[in-house]
Amino acid sequence: MSERRKQYPFDVIEPKWQARWDEEKTFGAPNPGDPGFDPGKPKYYVLDMFPYPSGQGLHVGHPEGYTATDIMARFKRMKGFNVLHPMGWDAFGLPAEQYAIKTGQHPRVTTEKNVERFRGQLKRLGFSYDWEREVNTTDPGYVKWTQWIFLRLYNSYFDEREKAARPIRRLEEKRRAELPEETAEERRAFLDSQRLAFVSEAPVNWCPELGTVLSNEEVVDGKSEVGGFDVERRPMRQWMLRITAYGHRLIDELEPLDWPEGIKALQRNWIGRSEGADVTFRVQRTNDRITVFTTRPDTLFGATYMVLAPEHPLVAEITTPDQQRAVDQYKIDASNKSDMQRTELAKDKTGVFTGGYAVNPVNGEDVPIWIADYVLMSYGTGAIMAVPAHDERDFEFAQEFNLEIREVVHPKNAPDRDDDDDEPHCFAGKGIAVNSPLIDGLETDEAKAKMIDWLESNGFGRRAINFKLRDWLFSRQRYWGEPFPILWEKGLHRAIDENDLPLALPEMEDFKPTGTTDPPLSKAIDWVRVDGASRETNTMPQWAGSCWYYLRYCDARNSERFIGEEAEEYWMGAENEEAGGVDLYIGGTEHAVLHLLYARFWHKVLFDLGYVSTPEPFQKLVNQGLIQGEDGQKMSKSRGNVVNPDDVVEEYGADSLRLFEMFMGPLEQTKPWSTKGVEGVFRFLSRVWRLCMESDQEGNWMVSSVLVDEDADRKTLKVLHETIKKVSSDIEGLDFNTAIAQMMVCTNELTQLEKRPVRAVATLLQLLNPFAPHLSEELHELLANKFPSLHQTEIARQTWPEYKDEFLVVDEIEMVVQVNGKLRDRIVVKKESSKEEIERTALACEKVQPFTEGKTVRKVIVVAGKLVNIVAN
RNA sequence: GCCGCCAUGGCGGAAUUGGUAGACGCAUCGGACUUAAAAUCCGAAGAGAGCGAUCUCGUGUGGGUUCGAGUCCCACUGGCGGUACCA
């Protein structure tokens with residue numbers, strides 16, 4: 001069975017070339033200053049999202065993106081670029097730790113084993129990585145710099161005026177000058193509250209099953225993204241990163257990036273910027289003030305009540321004695337509801353009147369203050385002004401509790417709907433302000449602006465922008481992560497000395513969760529105690545390592561800096577018109593709001609502090625599409641439709657796997673696996689083999705006797721140069737499927753020749769090389785041995801072929817003749833024929849006559865080289 | 001609900017700025033080679049009508065713009081992904 005399939009000896013040639021690439025370091029990329037570095041070469045940085053080395057090994061989704069980047073890397077090298085194409089391991093994380101707990105093996109051991117396996121699998125696929133730059137996020141030499149970057153965050157604050165991170169020392173000096181009478185403790189507390197990495201006591205997502213807290217991004221539908229366990233809110237002391245300070249820039253600087261629109265939208269949506277105003281309401285009979293955020297200040301005259309979140313600090317003070325019991329009960333009920341329940345019950349609005357009233361600043365009216373859990377403490381100010389006529393949620397609530405609904409915006413061009421005027425309705429769109437003395441008759445946008453001006457000049461509010469984005473919860477109660485380089489003493493934290501980095505994890509026998517909120521590291525008593533202080537026992541989340549690995553690749557062995565200045569400038573810097581950063585980044589869409597947002601944030605901090613030279617890390621991003629099982633369903637063990645890449649390589653070879661994954665369809669599209677499809681590309685590669693090779697009686701392969709060292713005829717040259725042109729531009733555009741189709745056409749053409757011109761064949765092998773590197777190198781070597789006129793170096797070190805226009809043009813062109821847009825005939829005309837000649841020929845066509853007979857020819861349209869359309873009626 | 005993506009033969013998919021719909025591959029059918037099969041090579045093929053040359057219809061649905069629409073515009077339908085009380 002398997003004998004039958006080996007139509008060419010891929011099982012011999014693939015290991016041969018992989019070994020040679022390894023030994024000769026064929027794909028090593030020199031850094032500035034390295035031997036062999038050519039400053040004249042432009043750089044090209046093509047990056048894969050590095051894998052988490054799971055116990056399962058590679059699945060077929062990995063090679064899809066990896067093959068795409070590998071084709072680009074090999075192509076750009078031959079095009080004369082110095083190409084950075086690295087690989088590494090995102091090796092901290094929950095699965096490794098959970099597996100370790102189950103088996104009792106240390107996560108370092110299992111991680112090493114998994115990395116070993118992944119590396120072997122990738123090498124078997126012939127990817128042209130520079131393995132000298134391999135990184136592993138769990139290596140002490142890597143952890144050192146992750147911790148070092150954390151300390152940069154810790155030692156920085158966000159300067160609101162400059163809209164950038166600055167060293168905290170600067171803030172300290174400023175503070176000292178401005179408030180000399182402040183005590184050291186007060187100043188310290190202030191500075192600690194300003195750091196980009198800070199400690200906060202706040203409700204967090206605690207997952208009892210995993211024994212850790214999770215970031216908002218790691219919680220999906222109230223369940224943990226890993227494992228799908230219940231997540232509850234509980235207040236805990238945690239490290240946070242001030243990503244919210246970068247909300248503006250994370251949105252604005254996203255715009256010019258060459259990213260899929262969908263991913264940009266996802267990030268924009270996640271960051272969730274809304275513009276509006278903060279408005280302050282005075283609480284009746286007290287000195288209390290309630291500030292609300294609204295995107296519709298133009299509807300203030302329609303604000304007929306207010307709602308506070310049940311957790312709002314002013315609730316206790318506002319509540320009147322006779323409403324006390326009801327309010328207390330509601331607060332208890334609300335706190336007992338899980339996030340899941342709160343969203344499930346989203347349809348039915350609940351709430352309780354506090355008994356208190358506030359004064360609407362625009363008209364002095366008293367409005368009742370309610371509490372309701374549809375108002376979230378975590379967004380805006382935790383309080384809203386309710387405008388039931390123009391907000392769906394307020395409308396529902398007002399209907400439920402019979403609160404006044406007052407129209408203050410009238411739809412433009414709306415018909416007078418006096419027929420159902422008694423029916424209360426809600427209109428949330430833009431229109432014309434009515435019943436609003438200050439702004440009557442104005443359109444919504446104008447009304448908003450005027451209202452904000454009025455609020456500002458009367459001291460009732462100001463322009464404001466709000467974000468959905470929350471600060472990034474950065475600590476985890478796990479063992480297998482980077483320890484924080486932080487010491488605690490008398491309730492205060494401080495950084496450890498940078499010379500003591502990396503701070504390694506303690507060796508522990510028992511790294512299980514403690515069953516409480518104490519992290520496992522708290523059990524390493526000797527490690528925790530340092531003189532009079534104790535170490536932070538939380539660890540960093542998995543995302544920490546992946547926030548900067550693309551920088552480390554540029555200078556992976558540097559022990560003095562996280563990245564050398566010269567290396568950073570060369571690989572990440574902006575050159576000429578280019579925007580700089582990673583030139584092409586390919587990976588799955590699942591990281592749209594996690595890794596890709598976090599990495600941008602870190603990069604911006606490093607940029608502000610002067611460590612990197614561009615504000616954005618990834619210039620061009622492409623998401624490879626999901627590969628489904630043969631049945632069109634998502635691949636999963638339970639469906640039994642999982643394809644193992646090792647099996648495919650075993651049966652058809654790595655070149656076939658690579659080629660098939662690129663031939664399936666457009667890179668970014670979801671598409672189903674097809675075993676028959678693999679056989680198809682395998683047959684194609686076998687045809688290429690037989691284009692060059694033939695077997696004798698004994699079945700030994702030898703260079704084909706029909707290959708000749710002669711010039712190709714014009715027809716062959718035309719196909720060949722069309723192929724050079726199409727393959728080149730298709731690779732640039734990542735249209736690999738059509739590039740392969742064109743190479744198939746070219747191969748079929750060459751196969752049919754009785755004498756095959758060997759230089760044309762060698763050119764085809766060059767074009768095929770990025771896709772099927774083993775086969776093409778082997779055939780080229782065999783041909784080069786026989787034909788001295790061919791390049792004697794391997795293809796990887798050759799220059800990419802250029803097409804010549806002179807071979808593309810033909811003397812005679814076939815043109816289509818249409819009558820009224822319908823195809824009726826074809827004509828062959830000389831290349832240099834005039835419009836008039838073509839028209840005459842077309843009109844004279846026999847097959848055209850029946851369709852023009854009895855009609856008047858109104859117009860004849862000639863599209864050069866394409867068609868003639870006769871308009872007749 | 002909102003946001004993004006998609007819809008073309010039996011199947012995966014091709015079609016520059018609007019200009020020959022179905023490239024290439026799979027599956028299918030026919031032929032060559034073979035004692036036979038596999039492999040390989042050659043050929044056919046969107047659907048319908050016809051002996052035929054040919055004709056009619058065809059890119060989710062309905063309209064529109066145009067000499068000409070898979071492509072552009074309007075209104076729908078169906079599917080995939082994300083997100084959801086964000087004021």
Side-chain angles (χ1 to χ4, degrees), chain A residues 1 3-5 7 220-221 260-266 268-270 272-274 276 292-296 299 307 342-343 345-347 349 372-376 378-387 390-394 396-397 428 466-470 589-590 592-593 623 625-626 632 660 663-666 668-681 683-684 686-687 690 729 735 737-745 747-748 751-752 814-826 847 850 858-873:
Chain A
M1 202 62 178
E3 262 327 288
R4 190 197 90 210
R5 289 210 163 98
Q7 293 167 40
V220 179
D221 291 337
E261 199 40 53
I263 298 290
K264 284 194 193 179
L266 238 42
R268 239 181 266 126
N269 198 5
W270 186 265
R273 169 161 66 189
S274 5
V292 302
F293 172 73
T294 176
T295 54
R296 294 295 300 270
T299 63
V307 186
R342 258 171 98 142
T343 44
L345 299 171
K347 291 268 146 50
K349 294 279 179 292
D373 65 3
Y374 84 89
V375 174
L376 309 174
S378 53
Y379 184 77
T381 60
I384 61 159
M385 63 177 214
V387 185
H390 306 289
D391 181 283
E392 293 285 353
R393 296 149 301 170
D394 299 344
E396 276 175 44
F397 191 83
N466 245 293
F467 293 92
K468 279 203 280 187
L469 186 68
R470 300 273 80 87
T589 182
E590 67 273 15
V593 287
N623 294 122
L626 197 73
F660 171 65
F663 189 59
M664 292 168 82
E668 302 193 55
Q669 195 168 300
T670 303
K671 41 211 179 279
W673 185 265
S674 157
T675 303
K676 286 292 182 188
V678 186
E679 281 177 21
V681 293
R683 274 206 282 268
F684 163 64
S686 305
R687 270 170 84 86
R690 285 192 309 272
S729 64
D735 299 319
N737 52 337
T738 49
I740 294 166
Q742 182 62 36
M743 288 190 280
M744 288 173 168
V745 170
T747 302
N748 291 343
T751 298
Q752 282 172 355
E814 190 187 68
M815 289 180 77
V816 161
V817 182
Q818 298 179 335
V819 180
N820 293 332
K822 287 207 167 124
L823 190 147
R824 296 301 174 190
D825 204 0
R826 294 156 203 277
K847 290 178 189 165
R858 304 279 171 200
K859 202 161 145 194
V860 179
I861 291 149
V862 179
V863 181
K866 286 257 160 85
L867 59 74
V868 184
N869 189 16
I870 300 162
V871 185
N873 57 18

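Below, each value reflects all heavy atoms present in this structure, side chains not excepted, and no hydrogens, waters or symmetry copies. The chains referred to below are lettered A, B, ... by the order of the sequence lines, with proteins before strands, and numbering in each begins at 1.
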Which ranges of RNA chain B pair up as stems, where a stem means three or more consecutive Watson-Crick or G-U pairs with both distances under 3.5 Å? B:1-7 with B:77-83, B:10-12 with B:24-26, B:28-32 with B:40-44, B:46-49 with B:54-57, B:60-64 with B:72-76
Sidechain-backbone polar pair: Arg824(A) side chain, Gly821(A) backbone, donor-acceptor under 3.5 Å: no
Checking C67(B), A27(B), C24(B) against the side chain of Lys676(A) (C-beta onward), the nearest is A27(B)
Between Asn737(A) and A14(B), is there a side-chain N or O to OP1/OP2 distance below 4.0 Å? yes
Using a cut-off of 4.0 Å on non-hydrogen atoms, how would the nucleic acid contact of Gly272(A) be classed: base, sugar-phosphate, or nothing? nothing
Nucleotide nearest Phe293(A) when distance is taken to its side chain, options A27(B), A87(B), C85(B): A87(B)
Options C85(B), C24(B), U40(B), nucleotide nearest the side-chain atoms of Ala741(A): C24(B)
Which letter, B, S or -, goes with each nucleotide of nucleotides 42-59 of chain B from 5' to 3', with contact meaning a protein heavy atom under 4.0 Å? S-----------SSSS--
Is there a donor-acceptor pair under 3.5 Å between the side chain of Lys676(A) and the backbone N or O of Ser674(A)? no
Can you tell if the side chain of Val862(A) reaches within under 4.5 Å of the side chain of Met815(A), non-hydrogen atoms only? yes
Flag, side chain of Arg470(A) to backbone of Ser378(A), donor-acceptor distance under 3.5 Å: yes
Choose from C24(B), A39(B), G19(B) the nucleotide whose nearest atom is closest to any side-chain atom of Val745(A). C24(B)
For Thr294(A), report the nucleic acid contact type (base, sugar-phosphate, nothing); a contact means any heavy atom under 4.0 Å. sugar-phosphate
What's the closest nucleotide to the side chain of Val375(A) if the choices are C85(B), A87(B), G25(B)? A87(B)
Taking 4.0 Å as the cut-off, does a side-chain nitrogen or oxygen of Gln818(A) come that near to OP1 or OP2 on G19(B)? no
Specify the glycosidic conformation (syn or anti) of G79(B), with syn defined as within 90° of 0. anti
Assign Val871(A) to base, sugar-phosphate, or nothing according to its heavy-atom contacts below 4.0 angstrom with the strands shown. sugar-phosphate
From G19(B), A15(B), G25(B), pick the nucleotide closest to the side chain of Thr738(A)? A15(B)
Take the angle between the ring planes of Trp673(A) and Phe660(A) and call it parallel below 30°, perpendicular above 60°, tilted in between. perpendicular
Give one of base, sugar-phosphate or nothing for Asn466(A), where a contact means two heavy atoms less than 4.0 Å apart. nothing
Indicate, with a heavy-atom threshold strictly under 4.0 Å, whether Pro260(A) touches base, sugar-phosphate, or nothing. nothing
Are any side-chain N or O atoms of Asp391(A) and backbone N or O atoms of Asp394(A), one a donor and one an acceptor, separated by less than 3.5 Å? yes
Answer yes or no: does a side-chain N or O of Arg683(A) lie under 4.0 Å from OP1 or OP2 of A27(B)? yes
Is the shortest side-chain heavy-atom distance between Gln7(A) and Arg690(A) below 4.5 Å? yes
Axial cation check for Tyr374(A) ring with Lys349(A), 6.0 Å and 45° limits: yes
Nearest to the side chain of Arg690(A), which nucleotide is it out of U16(B), U40(B), G13(B)? U40(B)
For a quick check, with a 4.0 angstrom heavy-atom cut-off, what is the B/S/- contact string for nucleotides 1-12 of chain B, read 5' to 3'? --SS-------B
Would you tell me if any nitrogen or oxygen in the side chain of Thr589(A) comes within less than 4.0 Å of OP1 or OP2 on G81(B)? no
